[in-house]
2 protein chains.
Amino acid sequence: MPTIKEVALLAGVSTATVSRAMMNPQQVAEKTRRKVEAAIAEVGYSPNAIARNLRTSESKTIVVIIPDIENMFFAKIVRGIQTIAQQQGYKVLLGDTVHNATLANDYLELVRSKQADGVISLTAELPKVLQHGTSMPMVMACEYFPDFPIPTVRIDNQAAAYQAVKYLLELGHKQIAYISGPLDNPICIARSAGYRQAMQEAGYSINELAKEEGDFSFHSGHAAFERLHRQYKMSALFCFNDMMALGAMRSAISLGLKVPDDLSIVGMDDLLFSQYTDPQLTTIMQPQTLIGETAMQILIKILNAKTVHQDNVLQTQLLVRSSSRRYQKL
Amino acid sequence: MPTIKEVALLAGVSTATVSRAMMNPQQVAEKTRRKVEAAIAEVGYSPNAIARNLRTSESKTIVVIIPDIENMFFAKIVRGIQTIAQQQGYKVLLGDTVHNATLANDYLELVRSKQADGVISLTAELPKVLQHGTSMPMVMACEYFPDFPIPTVRIDNQAAAYQAVKYLLELGHKQIAYISGPLDNPICIARSAGYRQAMQEAGYSINELAKEEGDFSFHSGHAAFERLHRQYKMSALFCFNDMMALGAMRSAISLGLKVPDDLSIVGMDDLLFSQYTDPQLTTIMQPQTLIGETAMQILIKILNAKTVHQDNVLQTQLLVRSSSRRYQKL
DNA sequence: TAAATATTTGTAATCGATTGCAATATTTTC
DNA sequence: GAAAATATTGCAATCGATTACAAATATTTA
C-alpha cells in the first residue's frame, strides 16, 4: 500500500502539501494540486484512515448496536439512521449482539478506542455502560434505561399497550392474555403496566396465568402460545411484538383455532409481513423509519455541540386488520 | 480519556512495560504486572485501538457488505459469519448498501484504509473493485463475478433452478412462469439458464412473456406477479427468491387465485417465514448458516496464510410444502 | 523599485500505542 | 562470592497521517 510519503516524493512536494491538497484543496496552488492529484492517481494512493483518525481523533463513523438481526423490526430503523447519516457524511456500521452483552461491549469498544464517534443502541443489554456512566456519545432507541439519563428515542410503551388492550376490551373480550418479552426488560415492564391499567380500568382482575414470557423471536411466540393455550382460556391475545404475534398465530392455527373467530390477536411494531399474513395482523404501528432518523439527528447534535438531549417520545398508531374481531360466545 | 502514559506514570513504570503487561503478560514480572493492572483500573484506561492498529497494522475486524438488510435471507448468513469470527477473535461489522454501489465502496474503504482486515461481500454491486483488481482480502458469498477470480462461496444456481423447474414439470405443469431478480445479475443469469435447461429438456419452448423482473424484494415480487398475470396464463410460478415468492403469492391470492389449486409457487432460499405462510411455501433451501461459516473460514485462511481459495459450491435442497401441487385442468 | 501583504510551501511536532535493542536487575552455577 | 545466564525494564524509533508555525515565494501597493 502506497503512503503519503511516496506520493509526496513522486509529486516533488512535501507530505504536508499532499495532505492539504486532499483536506483543503483551496489552500494549495492550482498547479501543485494537479501534480499531487496525478501522483495520487499514479501510485493508487488511498489515505490510511487509521493514521488520520489518530491525528484528528474523529472517524466520521457511528455504530448501531442491534440485539438480533433476524428480527425484521430493526431493518427499517437502520434505514432511517442511514438516511440521515449519509446526508451528514457519516458511515454506519452495524453490530449484531445476538442478545449477548459481551459482544455489545465489543462494539462500544469501537467508540472508546476512537474507531467510531458515537453509538446508537437498539438494545438495553449493555451492562458495563451503566458502571462507567454515560461518558460516550450515545443515543438509545426503542429501549431505555429508566434510571440513567441517556438521550432516548422511543414510544410511550405503556400507552401503546394500553391502547391495544383497550381496543380488545371494546370489542367485548374479557379473557385477554398476553405474551411479553423478557420480563426484566424496561419496555416490557411498561407494556405490562399498560395491560394492567386497561384491564383494571375495565374492572377485570389480573390473572397470572394469562401471561407468558418470550424473547421477541418468532419461535418464542410460537412456544409461548402453546403454553398459554394449555393453562388459560382466552378469546384474545396481545403480543409485545409482531414476530411473536406471528409465531403465536401460527401456533394457534396449527392447534386448530380460527383467527380471528376463536382468537383475536393484536401485535406491535407493524412489520412488512404483518399485513400479508393470513389473516392480516392487527397491530400497534411504531414509526420505525422516524425512530431511526430522529436517533441519528440527536446523535449528530451531541457530536457537534455536546448538547444533551433528553427523551423523545414518538407517536404510535393502532392498525386494525383482520386478525381481531368482536367477541362472540362460542 | 486516559492514555498509556498516565497509566505508566501512576504505576511508576514506562509505557513499554504497560504495553507489555497487556499484550504479553508473561514477560513482565508478577509484581509489576499487578501494579500496572491496578493503575489501569484506577484511571479507567482503555487502549486506543486506533493507535494500536496503526502500529500493528491489523484491526481484527472484518466487514460484511449486505445489499439489503430488509431481506431476511442475509440474517442467517451473517450469524454464520459471526459464529466463526467470534471463535477466532474477530469483530464483525455490517454495512448495508441499500443496493448502492457508492455506499459499498465506502465499506471497502474501511479495508483499504486499514480499519478492517478483510471483507465478505454478499453483493455483487461493487464496480470499483473490478478496476482495482482483487487486491484486498475478500470473499464473496452467494453472489459472484463470473470473470474475476475472487474466492467464492455459493450454490450451483443453474442446477438449483433446474431442480425447481424440473419438479414443477414432473407435477405436470407446462405453463411455468418465473420472476427473476435483476437481469444483469450473474446469479440470475445462471438461474435463468437452469429454467431454460429444464424447459427445453422437457421439449417446451421458452415464452418471453413468462418472465418478469424483480429486485428480490417482497414488493417487487408482488408487482411482478401483477404484470405476469396480465400477460401470461400460467399454472406454476418459480421465483428466484422467497421474498419475491411471498410477494407474488400475496398478489395471486388477492387477485382471487387459489394457491396451490390455481397456481403452484416455488421459491428459493427458505426463509424463516416461508414455512409459516398460508399455504406454506415450497422452496429450494440454501444452507444459509453454512454459507456464512464457510465464507468466514476462507477469509481467515486468506488473512493468515495468503492462500487463495477458489469456488466453494454448497448443496441446496428442494423442500416440498403446500404451495405446489400436481397440475389439474381448470 | 522597494516595502507591505498575501499566498503557497516546508519543517517538525504530534496523535497513542508497539517493539527492537540496550541496560539493568535477578537468579543460577561453579 | 564472582561470573554467567536469564529475566525484567526502559529508551527511543516507528506506524502514517495532520497541522501550527516558520520560511519562501508571489502579488499588490505606494
Side-chain angles (χ1 to χ4, degrees), chain A residues 1-40 43-61 89 109-117 136, chain B residues 1-40 43-61 89 109-117 136:
Chain A
M1 263 297 181
T3 71
I4 199 172
K5 248 186 227 164
E6 299 164 46
V7 175
L9 198 68
L10 181 62
V13 298
S14 72
T15 63
T17 303
V18 176
S19 175
R20 276 187 288 252
M22 309 192 76
M23 303 285 284
N24 301 78
Q26 80 287 354
Q27 76 174 252
V28 16
E30 175 72 17
K31 207 170 45 171
T32 323
R33 191 184 339 141
R34 271 208 297 274
K35 265 194 309 187
V36 171
E37 277 159 4
I40 287 175
V43 303
Y45 169 72
S46 162
N48 179 322
I50 291 276
R52 171 182 294 175
N53 296 349
L54 175 60
R55 185 60 222 249
T56 61
S57 60
E58 74 167 8
S59 58
K60 282 288 179 184
T61 299
E109 199 56 39
L110 291 175
V111 180
R112 289 201 200 93
S113 65
K114 305 291 183 191
Q115 297 185 84
D117 296 341
M136 71 178 71
Chain B
M1 264 298 181
T3 72
I4 200 172
K5 248 187 228 165
E6 298 163 49
V7 175
L9 199 68
L10 182 62
V13 298
S14 72
T15 63
T17 301
V18 175
S19 174
R20 278 188 285 253
M22 307 192 77
M23 304 283 286
N24 300 81
Q26 79 288 353
Q27 77 175 250
V28 16
E30 174 72 18
K31 205 167 50 171
T32 323
R33 188 180 348 138
R34 272 208 296 273
K35 263 196 309 188
V36 171
E37 276 158 5
I40 287 175
V43 302
Y45 170 72
S46 160
N48 180 323
I50 292 276
R52 172 181 295 175
N53 296 348
L54 175 59
R55 186 58 222 249
T56 60
S57 61
E58 73 167 9
S59 59
K60 283 287 178 184
T61 299
E109 199 55 40
L110 291 175
V111 180
R112 289 200 202 93
S113 66
K114 305 291 181 191
Q115 298 185 84
D117 297 341
M136 72 178 69

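Reminder, nothing fancy here: chain letters follow the sequence lines and each chain counts from 1. From a predicted model like this one, the values you see are computed outputs, not experimental measurements.
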In degrees, rounded to 10°, what is the bend between the two ends of the helix from dT1(C)-dA30(D) to dC30(C)-dG1(D), using five pairs at each?
->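 Rounded value for the end-axis angle: 40°.
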Could you tell me how far apart [X] ([atom1]) and [N] ([atom2]) are, to the nearest whole angstrom?
X      : N       : atom1 : atom2 : value
L9(A)  : dG16(D) : CG    : P     : 15 Å
K5(A)  : dG10(C) : NZ    : C1'   : 15 Å
M22(B) : dT19(C) : CE    : P     : 13 Å
M23(A) : dT9(C)  : CE    : C1'   : 18 Å
N24(B) : dT18(C) : CG    : P     : 10 Å
R55(A) : dT18(D) : CZ    : C1'   : 5 Å
E58(B) : dC15(D) : CD    : C1'   : 14 Å

Provide a list of protein-nucleic acid N or O atom pairs under 3.5 angstrom, restricted to nucleotides 5-12 of chain D.
| unit_1 | atom_1 | unit_2 | atom_2 | d |
| --- | --- | --- | --- | --- |
| dT9(D) | OP1 | T32(B) | OG1 | 2.1 |
| dT9(D) | OP2 | A29(B) | N | 3.0 |
| dT9(D) | OP2 | T32(B) | OG1 | 3.4 |
| dG10(D) | OP2 | S14(B) | N | 2.8 |
| dG10(D) | OP2 | S14(B) | OG | 3.0 |
| dG10(D) | OP2 | T17(B) | OG1 | 2.6 |
| dG10(D) | N7 | R20(B) | NH2 | 2.7 |
| dG10(D) | O6 | R20(B) | NH1 | 3.1 |
| dG10(D) | O6 | R20(B) | NH2 | 3.3 |

Answer yes or no: is there a side-chain heavy-atom contact under 4.5 Å between V43(A) and V7(A)?
->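 The answer is yes; the side chains approach within 4.5 Å.
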Quick one: are P47(A) and I4(A) in side-chain contact, heavy atoms under 4.5 Å?
->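 A side-chain contact under 4.5 Å is absent here.
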CD on E58(B) to CG on D117(B), rounded to 0.5 Å =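 The distance works out to 5.5 Å.
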So what does T56(A) touch, heavy atoms closer than 4.0 Å: a base, only the sugar-phosphate, or nothing?
->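 Sugar-phosphate only.
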Does any pair with a residue in residues 12-30 of chain B pass salt bridge (charged side-chain N to carboxylate O under 4.0 Å, His left out), and if so which ones, sequence neighbours excluded?
->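 Of all non-adjacent pairs touching residues 12-30 of chain B, those that pass salt bridge (charged side-chain N to carboxylate O under 4.0 Å, His left out) are E30(B)-R33(B), E30(B)-R34(B).
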